[in-house]
Structures are given as C-alpha cells and as structure tokens.
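See structure below.
Side chains included, hydrogens not; waters and symmetry mates left out as well; all remaining heavy atoms used.
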Amino acid sequence: MPFERKIKMDSATIRRKFLGFFESKGHQIVPSAPLVLKNDPSLLFTNSGMVQFKDYFLGNSVSKYKRIADTQKCLRVSGKHNDLEDVGLDTYHHTMFEMLGNWSFGDYFKKEAIEWAWELLTEVYKLPKDKLYVTVFGGDKGDNLPVDEEAQDLWRRFVLEDHILHGNKKDNFWEMGEAGPCGPCSEIHIDLRSDDEIKKKLGRELVNNDHPQVVEIWNLVFIQFNRLASGVLEPLPDKHVDTGMGFERLCMAIQGKTSNYDTDVFRPLMDFIALHANVKYGTDTKTDIAIRVMADHIRAVSFAIADGQLPSNTGAGYVIRRILRRAVRYGFSYLNFKEPFIYRLVSLLALQLRDVFPELHKQLDYVTNVVHEEEKSFLRTLEKGIRRLDDFITEQYEEFLHEVITPNVLKEINQSGTGKAEPLNITLPGKIAFELYDTFGFPFDLTSLIAREKGIDVDEKGFAAEMEKQKSRSKAAAVKETGDWILVGDDGKSEFIGYDHLTATSRILKFRKVKQKNKEMFQLVLDKTPFYAESGGQVGDTGFIESANEKIWVIDTKKENDLIIHWTETLPDKLEGEFFASVNESKRRLSMNNHSATHLLHAALRHVLGKHVEQKGSLVNEKILRFDFSHFAPMTDEEIAKVETIVNEKVRENIPLDEKRNVPIEKAKALGAMALFGEKYGEFVRVITFDPKFSVELCGGTHIKATGSIGMFKIVSESSVAAGVRRIEAVTAEGAEDFVNGSLAVLDELKTLMKNPKDPSAFLQGLLEEKHSLEKKLEVFNQQLANQIKEDLVRKAIKSNGHTLILEKLSVPSADALKNIAYGLRNQFDDLLMVLAADIDSKPQVAVMIGEKLEATKKFHAGNMVKELAKEIDGGGGGQPFFATAGGKKLEGLDAVLVRAKELIG
RNA sequence: GGGGGAUUAGCUCAGCUGGCUAGAGCGCUUCCAUGGCAUGGAAGAGGUCAUCGGUUCGAAUCCGUUAUUCUCCA
C-alpha cells in the first residue's frame, strides 16, 4: 500500500504551510506578480517564480528584503518540455501552474537552502525520506567547473549516498539567458510508485527520465556566477538562492495521488465538467483528456484575463485565445458541449482560489463575461467551418463519383452519415484542410474527425507542409537581431529625472545595435535622463542629445524591465564625455495634458457609471487619449455628455497637481488610490492626486501642474473593444479646439450650401426624400420612353421565315435602357430575332436578342452573332445564347452592322 | 510585425470560369382567412453589390488603394 494514504492535507493547507514555514525563517511573504508581463521583450508571460525578481539578479535594482517567499502564478505554453498541444494528454503537464519559491538575495546560501528544503518536506509535509532523491551538479569540462561538492556534502547529512545523483549541465546548471547570472542547482525528486513497482526497478534509475511518477518537485538554484557575453564565467560578489517547487506536483505527492489532476486543485473543476457532460471521469481515455484539458485551460485563461490580458489576435492575447479555443474544441468534440459552457467554470475557480489570488474573485463578472463572449464567437467560427468543410467534402464526393459510380458505392456514401463508414479511398487535400484552418480558424483535428466520420482521409503531410511554409514566412518577416551591450566607461546606475527636468547633462553608460527589417538602429542608456520611457500607456519621449560637435535625435524611449532605453538612428562618433539631453517639450506637454485628463476621465466615469468601472487599458500620446474600461453596456449620449461636463468642470476648477513619490503601497491604498489588476507595483509607489475627493491614482506618468492647462476636454468616440470593455477616445487643449472648430467648419459649409435654412437637419431630410421621389419618377419616365421606342420597333417588325425580325438603328440614353427594351420585346415575341444598333451617348453598342421559341431551335446564337457584328464597330462582345451585347469605337459602323446582320440571317 | 479571407436587402447568406433585367430564407408593410392564438394565403416595400481608382465593348464577379472585420503565424 502506498505510504501517502495515511496523510490528509488539502492544497490550501499545503500552500499555507509553505508560506508559514519560510515566514518563520525570516522571509517576507510577497504576492504573486501578474501572469502577463509588460516591458519585457523576451517574455510574454511569467513562466517561473524568479521572473518578478529578475532585476535584482541582474543588478538593475536592489531588493528591500534579503529573504522572500511566495507562490507565483506561472504560464507555460511553449518550450521544449511543454507544448500546448500536449497538455491534458498526460497527467502532469499544465498551462498555468503555481510555483512555490523562496529566495535569498545576497543573504543565506546553499546550507540553509538545503536544510530548510529537507526540513519542510520531511518534517512539515512528512514525505518519506526513502522515496526522495536529490541531484547535484556533476561538473562540466567545457566550463571548467568541478562537481558541486559543497551541495553534495550538505545533502549527505540527510540523504543516503545512493539517493544522491550527479546531473549534467543541462539538468543541473541554471542560466538566465545566453549571458547573465547563473549557477549550479540541486533538484529534489520523489518516487511515487507502488512498492511492487519499486522492487522491480530502483527509483534512482528513473530520476530525470520523464517517468510520470518519479518526478522533480523542487529545484534549488545557487546563483554564484555571471556569464559574460564571451562565455567566460566570473564569480559573483553577492550570491543568491532561487528555488521553485511545482505546487500541483507537491499536492499530488502529499495527497498520495498518481496524477496532478487527481488532487483537490483540479478535482472540483473536473467533477463539475463531468457532471454537465454526463460522463464519468476515468472511464474513457478520450473524455478524460477532454476533461483535463478544460480544467487546466480555464485556469490559465481566467487568470490571464483577470491580470488584464484580453483574448485577441496578436501577441499574448492570441496565446490566451488559442488556449481557450483548445478547451472549447475538446469539449465540443468529445464531451458534446455545443453551447458555451466553459465560462461557468470561472466562478468555481474564483471561489477555490479566493484567498490566494483574490484578483479573480473581485472581477468575477467581468472575466466570466469575456470568456462567455469568446466562447460564443468561436462556436460561430466552428459552425461556419463545418459548413465549409461539408461543401469541400461534397465536392470531393462529386469528383469521386465521376470516376467510380456504382450502386454499391452510392449505398456506402448514403450510409456514411450514420457513423462509421467504409474507407472510400478519397482524400481531402492538405491544402484545403490548411485553408480551413488558416483562413477560417477551423481546427485541423476537427477537420480530420469529421472527414473520417464520412470515410474520407485527410492529407496530414500536406497540411503540415503548408503549416511549415506559413511559419517560415512569418519568421522571415520578424527577423530582429540584437547585439550585445557595449559599455562606455563604467556600468553604473541609470537615473530618471524627467518628472522635474526636461533637460540634463548626461553621459552614455552603454549602447547596442539592433537590426529590424534591414534597418539598423541603436539603443543608448544614459546615466541620468529626462526622457520618459513608454509606460502606463503614455508614449515615450522624443528629443535629442547633443555634444560640442554633434546632435543625435532620440526617436523613441522604451523600457526593458527597469532599464530606460533611448532609440536613435545614429551613434555619436565620440561616445565618451558629456551630452546635453533635451526632451521635445511640446510633445511632452501635450501628452501630459492628455494623461492628466485620462485621470479625470477615469474618476468621472466611476462617478457617472459606477464603481465597477476599472481601467483595462490606456494610450496617451500628444494627439489623443484612449481609455478602455470595464462596463457592460454602451454609454448613452446623456452619460457621455455628463462625463464630459464633469471633466470640464474639474478643468475649470484648475485643481493643482498633488504628486507624492515613494509612498509605501499600503499607505497609498489607504489614501484611496486604486491598484490596477495585472499591474506590478513595487514596495513604494507614486501617487497622483487631483483633488483628494475626486481623483487619486497610482501612476508613474508625467502630469501637468494644474488641471487648467487641459483647457478643454472633448470625447470623440465611444465604442466596444471586447465583451464588457468599452473604449473612449478623447482630445484635450489644442486637439479639442481643432476638433470643435473642424466640426463647426463642416456645419458652416453645409449650412451655406443649403442657403442657411432654419433647421438644417429637417431641410436635408426633405432634400433626401425629394431626391428619392425624383429618382422614382425618372425611372418611370425612362420606362415610358423605352415603351415608346419598343412600340416603335414593334411597328417596324417584319414577319419573315416564320420569325419576327427587327433590325434597327436607334438612340437610347443608357445600356440599361437598351437591355430593358430587348427583354421587353423578348417577352412579347417568342419567335423574335432582333439586332439593335444603338447610339448611346455617341458610343456604338449592338444588342442581339432571340425569342424563347426560336432559341430552342438553336438556329441562331446571339453570342456568336454579336461577336461577328462587333467587328463593324471596332469592338468586341458576348453574352448568352439568347441575348448578347457588344460595344465598340466606330460610331459610323452602325449602318454596316445592320447590313452584316441581314447577311448573317440570310 | 507578416500572410490569408470577408464586406451583396433590416438580419443570415447564395450568386462557380466577367454577359442569366441582382436572388433565397427570416424579418417588415398592406390585404385576406380563422372565435382567439400558433399559423396559413396573397400582394408589396427595401440594394450607390464597403470605398476610391484601374482593366474591359461590358465588373457584384478580374487587378490595385483605403476602411472595417474574421483568421492563422511570429
């Protein structure tokens, strides 16, 4: 009997004990960072516990606490060990997972890390010592590194020699990237197999061998080196500890399960899914996979949305969309969920994790709504795709039928709708399957499934080949080369002084070259800079840096983590020495107006619409401000007007800016400042207040001294961006003035054109109605004209050879009229044979019309006749057997047309 | 950032290689039928075929621009 059965500990307790344990060892417990990253070009999502502490390791900033522990939401959807398409197939991969971790920044090192890890696992969690294995770094010749004896000796105090293994550089040496902090690591693995299994094969032989029940649970990283770009390792002055323990696996080990999905982390979700799908988990592989996929994916999707990442068609948003759609697909195919269902899991999940990650529970309605809408939209996509696929399949059948049509085959096809069909030897080309996928978003596995049900094969290789083409195309377009940082003098700290100054005397600390779309650019880091880097929605500053003999334009300023980077197109010839750095003042000033106005808008919206309004996105530049916020209905004109009025009132009050820097976050919250979900805040924050009773926000942006300089605030548009998210675009100051003046100018112009009517809109309304009725009258008039011409032609008709012959030259206003006349006469005579040579606005046109009965005899073909006749007017033409037209250039040829027509008729 | 598709009546969509007087279903209006309702019958209104430009004798259809939107890849 497995040991674990005796232990009962739920996941919440396991998490609590971890945090409590490290708190008792002097660690500060911090909240999880958001799942979605901003300001990091190398990463879309937080994929491990250390991500939020990256800057501490890189030396860009210093941690206030030497010891920290937390549980971190992580998301992994790509990479060597975890492909999205694999999650759910096995029992231990996940998209979102929690990583428990403890850190030392220049404080304790290997001894404490190892002792505490052992104590927690064996004393607190009471995991059996003989089932635990540890690995230590076994050295690497290339890097000239020996075995990590230090760690090995420390482990020997607790662990039997045959439970300690050596690992290679791949498994036991951790690196942040190509260059940067790194060091050996030590992993703890656990053997969860039954005693019988263990007897057959020793646990140590299965460590690091992808066995689902002999798994790594904790990785202790000892950061002691810095790898230079050259590849050389140098020892770090401050050594750090970075550990990460997979929470779901830990729960599996402690709760004595053989699958992460069997723990109470996933079970409530899975039971709910199984209940509504009306299946039992554990009875069928296919439905089990589908249940796991849904239970897993809803976690990733819900928390990503709660952290501010809406599903979209680019970047991180696209990843979220893909995850959700994969869940819908599995539910649709294997659990028969044809209606939106997944959104109902959100509340269950929110409740389950309310105490650890309150952000989801606090935004329950919003997240549920977004998921629901996204589900609906994908189900619509599926429906359309199925229809298209059916069309394709029908086509394939038809082609097939042309070749082999026997009663037996027909019978087979007719039966094929009922379920399993005999293979028919028809293949759906990969190109078509790919087209369905690429253009219409219809998943390949559904294509195969449906095709197979109808006895059709799908060319998988062809599909994969098309997919490859698409990938290489995208890659080729996205080539971006980033060079190494090159130091200019000493590498020091970079300081931002742009809140108080627009100019500075600066030195270049380092620079690097980047190549994008064959364009070479440079990135500079200054020791102190007045340039504001794009952040919080506000655009980065532009401007220049200038030395005694040269001037370099800064075309953009961006942030990478906490580093402020100035983009330039050229590099100064002389990098050393002082530069005069100057920000483009007018752009900054206009952006500041818009940014402060955004704060006023935010406050006004909460005032008018309610407290559920929260910022979901923001863009502030020198021209416009765009503000996305949670709200479930379109705003009425009254609401918009009211918001505008409130903001403009606040502008006229000329409220002075109250800016407080370095406010402890707790104090800021007490002031009433709202923290945004998905935003990462430090220990100390900046608080921007315009009237403490009106607008208090945490913000790093630049602001005007008093609201009066906004001048005027004008909302330009209100629209929807996603389910439950509205967008307002507005302008301020000169922008608002231009907007209003522009609108008035258009109105003035229109009024002048209408000769200044009292009520312009009524006047225009009348004008439109009049136009409509005139058009109708004209139509009637034209019809009458055509009838006259028709009657004229009827009179000139000759009975000959048993048909009614009309050969005439005439003048009509349009090609349409000619057509009308021709059809009119066709309805009148079923033995009609008519050639009309028309002058339309001085352009020659010929029409040949043949009556229904005459057409049936196939004696004459209008299309062929008109081609022949067109030669006479230097033109060409064609049409159908009974009606054809031709146009040309030679107006004088019209008479010849009639002569030729007579010859043709004979 | 790079591909692919779509845009036709109030809505959902047909309209294949340029020439069938631009269609269907639902909805709408009017009339008729039934005790009422579900509904049935008849007639009718409603379209700059997204936009601008080009090719052509002729463009909803082919080519390019812009806009909007869907979708895939990075």
Side-chain angles (χ1 to χ4, degrees), chain A residues 41-42 44 77-78 84 311-319 321-322 325 374 377-378 380-385 387-388 391 394-395 398 431-444 463 466-480 516-519 719-721 768 771-772 775-776 779 782-783 786 814-827 837-841 843-850 852 855 861-864 866-867 869-891 893-894 897:
Chain A
S42 63
L44 290 175
V77 285
S78 59
L84 176 60
S312 75
N313 54 6
T314 51
Y318 182 58
V319 175
R321 171 167 285 173
R322 255 172 55 198
R325 291 189 165 191
E374 188 67 17
S377 129
F378 185 52
R380 270 200 300 273
T381 303
L382 285 184
E383 201 182 302
K384 283 186 183 181
R387 221 157 49 207
R388 275 182 192 276
D391 287 349
T394 310
E395 261 174 50
E398 276 167 9
K431 208 167 176 157
I432 290 180
F434 183 75
E435 190 188 332
L436 275 169
Y437 172 68
D438 182 48
T439 304
F440 302 105
F442 196 70
F444 180 72
F463 178 85
E466 291 292 327
M467 192 76 191
E468 265 319 299
K469 270 194 236 166
Q470 153 96 315
K471 280 188 181 169
S472 56
R473 218 178 13 232
S474 286
K475 262 186 197 152
V479 172
K480 184 180 157 188
Q516 226 169 342
K517 281 209 247 169
N518 282 329
K519 207 175 158 194
S719 59
S720 159
V721 267
L768 285 174
K771 170 182 169 281
H772 194 247
E775 274 171 356
K776 289 280 160 203
E779 209 174 291
N782 277 335
Q783 191 60 47
S814 70
D816 238 21
L818 188 67
K819 206 189 236 176
N820 268 323
I821 293 164
Y823 272 94
L825 288 164
R826 175 178 157 92
N827 290 337
D839 173 347
I840 302 172
D841 256 351
K843 274 189 174 169
Q845 178 138 13
V846 179
V848 178
M849 177 60 97
I850 293 166
E852 216 177 325
E855 184 204 346
H861 190 281
N864 295 342
V866 91
K867 270 183 196 137
L869 298 175
K871 288 176 188 164
E872 304 295 337
I873 51 169
D874 280 359
Q880 309 125 72
F882 70 93
F883 179 66
T885 57
K889 288 163 200 149
K890 208 167 90 181
L891 192 61
L894 285 178
V897 166

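Without hydrogens or angle criteria, Ser472(A) side chain to Lys469(A) main chain gives a donor-acceptor distance under 3.5 Å.
The two residues Gly877(A) and Val866(A) make their nearest non-hydrogen contact at C-CG1, 4.0 Å. A pairwise comparison of heavy atoms in Ile873(A) and Gly893(A) identifies CG2-C, 3.9 Å as the closest pair. A pairwise comparison of heavy atoms in Phe442(A) and Thr381(A) identifies CD1-O, 4.5 Å as the closest pair. Taking both residues in full, the closest heavy atoms of Ala838(A) and Leu894(A) are given as O-CD1, 3.7 Å, listed atom of the first, atom of the second, then distance.
Taking the P atoms as reference points, U34(B) lies 31 Å from G46(B), given to the whole Å. Taking atom P in both U8(B) and C49(B), the straight-line distance is 11 Å, to the nearest Å. For the P atoms, the distance from U61(B) to G19(B) is 11 Å, rounded to whole Å. Taking the C1' atom of each, U55(B) and G3(B) are spaced 26 Å apart, rounded to whole Å. Comparing the P positions of A14(B) and G5(B) gives a spacing of 16 Å, expressed to the nearest Å. If you take atom P in G64(B) and the same atom in G4(B), they sit 10 Å apart, rounded to whole Å. For C16(B) and A38(B), the C1' atoms lie 41 Å apart once the distance is rounded to whole Å. Of the C1' atoms belonging to G54(B) and A59(B), the separation is 11 Å, rounded to the nearest Å.
Base pairing of U56(B) is not made with any nucleotide, judged by Watson-Crick or G-U wobble geometry with both donor-acceptor distances under 3.5 Å. Summarising the base pairing, U21(B) is matched to no nucleotide, lacking a Watson-Crick or G-U wobble pair whose two defining distances lie under 3.5 Å. Both distances falling under 3.5 Å, in either a Watson-Crick or a G-U wobble arrangement, place C26(B) opposite G10(B). Base pairing analysis places G1(B) opposite C73(B); the two distances defining the Watson-Crick or G-U wobble pair are each below 3.5 Å. In this structure U61(B) sits in no base pair that meets the Watson-Crick or G-U test at under 3.5 Å. Nucleotide A33(B) forms a Watson-Crick or G-U wobble pair with U39(B), both donor-acceptor distances falling under 3.5 Å. Across the strands present, C49(B) finds no partner; the criterion is a Watson-Crick or G-U wobble pair with both atom distances under 3.5 angstrom.
Between Arg322(A) atom CZ and C72(B) atom C1' the separation is 10 Å, expressed in whole Å. Rounded to whole angstrom, the span from the NZ atom of Lys469(A) across to the P atom of G4(B) amounts to 13 Å. Separating the NZ atom of Lys384(A) from the C1' atom of A14(B) is a distance of 14 Å, rounded to the nearest angstrom. As rounded to whole Å, 10 Å separates atom C1' of U21(B) from atom CD of Gln880(A). Atom-to-atom, NZ of Lys471(A) to P of U71(B) comes out at 19 Å; the value is rounded to the nearest Å. Summarising the geometry, the separation between CD1 on Ile850(A) and P on G19(B) is reported as 18 Å, rounded to the nearest angstrom. The distance from atom CG of Asn313(A) to atom C1' of G5(B) is 13 Å, rounded to the nearest whole Å. One interatomic measurement links the two molecules: OH of Tyr437(A) to P of G3(B), which rounds to 18 Å at whole-angstrom precision.
Counting heavy atoms from C-beta on, the side chains of Gln845(A) and Thr885(A) come closer than 4.5 Å. For the pair Arg826(A) and Phe882(A), the minimum side-chain heavy-atom distance is below 4.5 Å. Residues Tyr437(A) and Met467(A) are in side-chain contact: their nearest non-hydrogen atoms beyond the backbone lie under 4.5 Å apart.
At a threshold of 4.0 angstrom between heavy atoms, the contacts of Thr314(A) include nucleobase atoms, whether or not backbone atoms are also involved. Contacts of Phe440(A) with the nucleic acid, taken as non-hydrogen atoms under 4.0 Å apart, involve only primed sugar atoms and P, OP1 or OP2. At a threshold of 4.0 angstrom between heavy atoms, the contacts of Gly315(A) include nucleobase atoms, whether or not backbone atoms are also involved.
Which of U71(B), U21(B), G19(B) sits closest to the side chain of Thr381(A) comes down to U71(B).
For C72(B), the base has a donor-acceptor partner in the side chain of Gln470(A) [N/O atoms by modelled type, under 3.5 angstrom]. Counting distance only, with no hydrogens placed and no angle test, the side-chain atoms of Asp438(A) and the base atoms of G5(B) include no donor-acceptor pair under 3.5 Å.
A sub-4.0 Å separation between OP1 or OP2 of C70(B) and a side-chain N or O of Arg380(A) is absent. The side chain of Lys819(A) contributes no N or O atom lying less than 4.0 Å from OP1 or OP2 of G19(B).
Take the nearest nucleotide of RNA chain B for Phe442(A) and for Glu435(A): the residue whose nucleotide is more 5' is Glu435(A). Comparing Lys867(A) and Arg473(A) by the nucleotide of RNA chain B that holds the closest heavy atom to each, the one mapping nearer the 5' end is Arg473(A).
One finds a salt bridge joining Glu374(A) and Arg321(A) here, because a Lys/Arg side-chain nitrogen approaches an Asp/Glu carboxylate oxygen to under 4.0 Å.
Around atom CD of Gln880(A), more than 12 heavy atoms belonging to other residues, nucleotides or ligands sit under 6.0 Å away.
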What nitrogen or oxygen pairs link the protein and nucleotides 55-59 of chain B at under 3.5 Å?
from	atom 1	to	atom 2	distance (Å)
C57(B)	O4'	Gly887(A)	O	3.1
C57(B)	N1	Gly876(A)	O	2.8
C57(B)	O2	Gly876(A)	O	3.4
C57(B)	O2	Gly887(A)	N	3.4
C57(B)	N3	Gly876(A)	O	3.1

